[in-house]
Participant: 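Once you've had a glance at the structure underneath, I'll fire off some questions.
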There are 2 protein chains.
Amino acid sequence: MDGDVTKQRVLESAGKTFAEKGYESATVREICDGAGANIAAVNYYFGDKQSLYLAACVEAQCAREGAIPMPQWQPDTPATERLADFVRTLLRRLLEDERPAWHRQLMLREMASPTEACAHVVEDYIRPMSMVLKGIIEELLPEGTSEVDGFLVGFSIVSQCLFYHVNQPIASRLMGTEEYNRLTIDRLVAHITRFSLAALGYVEPLAKPSRAAQVASR
Amino acid sequence: MDGDVTKQRVLESAGKTFAEKGYESATVREICDGAGANIAAVNYYFGDKQSLYLAACVEAQCAREGAIPMPQWQPDTPATERLADFVRTLLRRLLEDERPAWHRQLMLREMASPTEACAHVVEDYIRPMSMVLKGIIEELLPEGTSEVDGFLVGFSIVSQCLFYHVNQPIASRLMGTEEYNRLTIDRLVAHITRFSLAALGYVEPLAKPSRAAQVASR
DNA sequence: AGCATATTCAAACGTTTGTTTGAAGTCAAG
DNA sequence: CTTGACTTCAAACAAACGTTTGAATATGCT
């Protein structure tokens with residue numbers, strides 16, 4: 001009874017193909033070929049193409065969350081350190097070349113043009129991360145900061161991480177493929193946390209302009 | 001001889017439809033229906049679907065660039081002010097509800113999953129903006145800063161702008177639709193420039209932690 | 001072994017896709 | 001009015017799509 005193994009192979013091939021080509025361009029025949037299965041396997045195991053797509057989405061997000069969990073901090077861990085850990089976790093989830101490299105592509109595609117079927121990805125996957133970041137930011141910002149300003153700071157931090165995920169091809173072409181490929185996750189974590197913590201005033205700014213330039217910019 | 005007007009109508013309908021549905025899902029029948037033209041109009045004026053898509057991309061980027069040009073600065077304009085202008089121009093190009101609202105969607109789709117046909121969008125559209133930003137950043141950062149570090153800072157700034165474009169549905173759902181819709185472009189410009197200039201040390205940081213917290217975070 | 005269930009397979013189904021065709025229509029110049 | 005180039009149209013094209021079918025094969029149980 002090797003039915004379950006073919007089902008799994010189809011699911012994996014589906015995720016890979018959907019991520020690469022998108023929902024419409026990926027054909028059932030191509031998926032089944034990639035899985036070494038018959039065309040009817042999709043109908044037999046998943047019903048139809050759309051259900052297969054949904055299953056691939058769920059699989060991707062579960063695998064991703066399990067593979068790179070949020071760290072469990074000690075109660076006395078300073079917020080600055082937790083921010084660095086958060087950035088690292090997010091970047092790893094987005095960029096790391098895990099065994100199934102298509103997970104991130106598939107999730108990205110959903111973010112760019114959200115299918116109604118996968119709308120709950122936000123609630124199940126994004127919201128929890130958002131709450132963690134919110135806790136960190138509230139501790140870093142002065143009391144009495146409005147909720148909107150908190151969100152804006154959160155967006156500023158998260159967006160820097162998402163950039164290297166969404167605009168990988170563009171960024172790569174812009175700064176040169178060689179140079180771009182030398183950017184390790186550690187390097188990005190260091191830059192983003194330093195940039196953000198400097199903006200909040202917790203580390204030295206990246207530049208130290210003369211007092212004159214500082215005044216002129218007001 | 002109203003041939004050119006139908007061609008234009010097809011082009012506009014194509015842009016709208018491609019942006020809304022994506023390349024594969026948008027059918028030439030739907031596009032021609034939207035333009036009130038016959039199905040053969042695509043072949044007659046553009047050759048085939050792919051050429052029509054390319055034409056729509058070019059049209060979108062030209063219209064966008066012409067509608068919201070980069071400001072021409074006086075030679076003595078300080079870099080901090082130019083950065084604010086740059087952020088505003090970029091945000092307006094990305095977010096402003098211009099008459100043809102589909103331009104940005106189409107360009108976004110290309111960035112998310114670049115077609116080989118539209119690869120030169122990077123060279124023609126992104127590269128010039130990148131050079132402008134590079135000039136600003138080089139003036140803000142201390143001399144001797146490596147080119148890679150310059151790119152990283154540029155990415156940090158641009159990514160904050162792109163975020164509200166790419167992840168509009170997610171951000172909206174996250175902070176609540178009401179609150180999100182109250183975010184004006186001016187508000188975003190103010191936040192992003194302040195956050196970035198604070199990171200570089202040109203304005204006061206968003207938070208002023210106690211000396212103790214600052215030391216503890218090292 | 002023999003039966004029953006689960007899985008695989010090749011073939012065909014009806015639709016829809018992008019594209020092509022050739023005739024019909026439009027309009028200005030001779 | 002006739003000509004000729006330009007534009008529109010309905011109809012049809014082959015190809016590819018997702019899906020279904022029914023028989024063939026494998027597997028597990030008594």
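Keep in mind that what you see is a predicted model, and the values were worked out from it rather than measured. Scope of the values below: all heavy atoms of this structure, side chains included, with no hydrogens, waters or symmetry mates. So you know, we letter chains A, B, ... as the sequences are listed, proteins then strands, and number each from 1.
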Participant: Answer yes or no: does a side-chain N or O of A/Asn38 lie under 4.0 Å from OP1 or OP2 of C/dT7?
Facilitator: no

Participant: Please give, in whole Å, the distance from D/dT7 P to B/Gln8 CD?
Facilitator: 14 Å

Participant: Give a yes or no answer on whether the side chain of B/Arg9 reaches the backbone of B/Ala35 with a donor-acceptor pair at less than 3.5 Å.
Facilitator: yes

Participant: Is the shortest side-chain N/O distance from A/Thr6 to OP1 or OP2 of C/dT7 below 4.0 Å?
Facilitator: no

Participant: Rounding to an integer number of Å, can you tell me how far A/Lys49 NZ sits from D/dA16 P?
Facilitator: 15 Å

Participant: Please state whether the phosphate of C/dT20, meaning OP1 or OP2, lies under 4.0 angstrom from any side-chain nitrogen or oxygen of B/Asn43.
Facilitator: yes

Participant: Rounding to a whole Å, what distance do you find between B/Ile39:CD1 and C/dT20:C1'?
Facilitator: 11 Å

Participant: If I take atom CG in residue B/Asp4 and atom C1' in nucleotide D/dT8, what distance separates them, rounded to the nearest angstrom?
Facilitator: 15 Å

Participant: Taking for each residue the nucleotide of DNA chain D bearing the nearest heavy atom, is the 5' side occupied by A/Val28 or by B/Tyr44?
Facilitator: B/Tyr44

Participant: Would you kindly give the CD-to-P distance between A/Glu24 and C/dT17, to the nearest whole Å?
Facilitator: 10 Å

Participant: Which pair of heavy atoms, one from A/Leu140 and one from A/Ala79, lies closest together, and at what distance?
Facilitator: CD2-CB, 3.6 Å

Participant: Write down the distance between CD (A/Gln50) and P (D/dC17), rounded to a whole number of angstrom.
Facilitator: 18 Å

Participant: Report which part of the nucleic acid B/Ala40 touches: base, sugar-phosphate, or nothing (heavy-atom distance under 4.0 Å, all strands).
Facilitator: base

Participant: Find out whether A/Phe151 and B/Glu179 are in side-chain contact, i.e. whether some heavy atom of one side chain is under 4.5 Å from a heavy atom of the other.
Facilitator: no

Participant: Whole Å only: how far is the CG atom of A/Asp48 from the P atom of C/dG14?
Facilitator: 20 Å

Participant: Rounded to whole Å, how long is the line connecting atom OH of B/Tyr23 with atom P of C/dT17?
Facilitator: 14 Å

Participant: Cationic tip of B/Lys7 within the cone over B/Phe46's six-membered ring, i.e. under 6.0 Å and within 45° of the normal?
Facilitator: yes

